[in-house]
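Numbering of residues begins at 1 and proceeds along the displayed sequence.
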Amino acid sequence: MLAPADDVLAWGESLDHLLLCQTGQLVFKDFLRTEYSEENLLFWLACEDYVKITSETDMKVAANRIYTEFVQVDAPRQINIDCATRKEIRENLSQPGPKCFVRAQRLIYGLMENDCYPRFLKSEIYITLLGKASTAMRAT
């Protein structure tokens, strides 16, 4: 078993519980890869790291990397956001601050919570782990 049974059970309670757990992130990423939508989680995680940056120079470099990898049209891992949000980010790149990606991150979180996460809970990956967790809980 990759994760403690309590963690696996908690993943079914909310997307937040899943994302707070390192193993949960890995399992969710594997699931998203099968659905060709792992860019959503990767973008969300990049934004989580981005807001922890304190150096202006590092923030600018990271903002440009996130924009190039996820936000710009035809990016290698382009996320599904509206034109207004994409434009807002592009305009903020000259002076990126900690809130540069907040709107886009919220949109992607909502997409994961309402679309990807419910499918994850019904996936073979999660159901198998849940079965193992239930068996482990009964054995103790």
Nearest non-hydrogen partners of Cys116 and Leu32, listed with the distance
CB-CD2, 3.6 Å

Take Val27 and Ile125 through the side chain to side chain contact (heavy atoms under 4.5 Å, CB included) test and state the conclusion after the steps.
CA-CA 8 Å; Val27 173; Ile125 292 170; 3.5 Å; yes

If two hydrophobic side chains count as joined below 4.5 Å and joins carry through other members, does Val102 share a cluster with Ile66?
no

Taking every heavy atom of Ser94 against every heavy atom of Lys60, the minimum-distance pair comes out as O-NZ, 3.2 Å

Can you check whether Ile81's main-chain N or O pairs, donor with acceptor, with Thr85's side chain at less than 3.5 Å?
no

Non-hydrogen side-chain atoms of Arg77 and Leu42 separated by less than 4.5 Å:
yes

Answer yes or no: are there more than 12 heavy-atom neighbours, outside Glu35 itself, under 6.0 Å from its atom CD?
yes

Nearest atoms (heavy-atom pairs only) where Ala10 meets His17
O-CB, 3.2 Å

State whether the number of non-hydrogen atoms from other residues, nucleotides or ligands found under 6.0 Å of Glu13 atom CD is greater than 12.
yes

Would you find more than 12 non-hydrogen atoms of other residues, nucleotides or ligands less than 6.0 Å from Arg119 atom CZ?
yes

Which word best sums up how the rings of Phe120 and Trp11 line up, parallel for under 30°, tilted for 30 to 60°, or perpendicular for over 60°?
tilted

Around atom CG of Asn80, are there more than 12 heavy atoms from other residues, nucleotides or ligands closer than 6.0 Å?
no

Hey, does the side chain of Asn114 reach the backbone of Gly110 with a donor-acceptor pair shorter than 3.5 angstrom?
yes

Approximate separation, where rounding is to 0.5 Å, of Glu38 CD and Arg33 CZ
4.5 Å

For Ala104 and Ile89, the nearest pair of non-hydrogen atoms, with its separation, is CB-CD1, 3.7 Å

Looking at CG of Leu18 and OG1 of Thr23, how far apart are the two atoms once the value is rounded to the nearest 0.5 Å?
10.5 Å

Is a side-chain donor-acceptor pair under 3.5 Å present for Asp16 with Tyr109?
yes

Does the side-chain hydrogen bond (donor to acceptor under 3.5 Å, both in side chains) test come out yes or no for Tyr50 and Asp58, once each step is laid out?
CA-CA 9 Å; Tyr50 175 80; Asp58 292 346; over 6 Å; no

Under 3.5 Å: donor-acceptor pair, side chain of Thr68, backbone of Arg65
no

Ile53 vs Asp49 side-chain heavy atoms within contact, under 4.5 Å:
no

Is Leu26 reachable from Leu129 through a run of I, L, V, M, F, W or Y residues, each pair having side-chain heavy atoms under 4.5 Å apart?
no

Going from CD on Gln105 to CZ on Phe70, what distance comes out if it is rounded to the nearest 0.5 angstrom?
11.5 Å

Are the side chains of Gln78 and Gln72 in touch, meaning some heavy atoms are under 4.5 Å apart?
no

Give a yes or no on whether the backbone of Gly12 and the side-chain of Tyr126 come within a donor-acceptor separation of less than 3.5 Å.
yes

Pairing of Arg86 and Asp82 as salt bridge, 4.0 angstrom limit
no

Would you name the heavy atoms of Leu121 and Ile127 that are closest together and state the gap between them?
O-CG1, 4.0 Å

Tyr67 vs Arg90 side-chain heavy atoms within contact, under 4.5 Å
yes

All heavy atoms of Leu19 vs all of Gln25, minimum pair found to be O-NE2, 2.6 Å

I'd like to check Glu56 versus Pro96 (side-chain heavy atoms, cut-off strictly below 4.5 Å). Are they in contact?
no

Are Asn40 and Ile79 side-chain neighbours, meaning at least one heavy-atom pair lies under 4.5 Å?
yes

For the OG atom of Ser37 and the CG atom of Leu111, what is their distance to the nearest 0.5 Å?
8.0 Å

Answer whether the closest heavy-atom distance between the side chains of Phe101 and Asn92 falls below 4.5 Å.
no

Between Lys52 and Glu48, is there a salt bridge with N-O shorter than 4.0 Å?
no

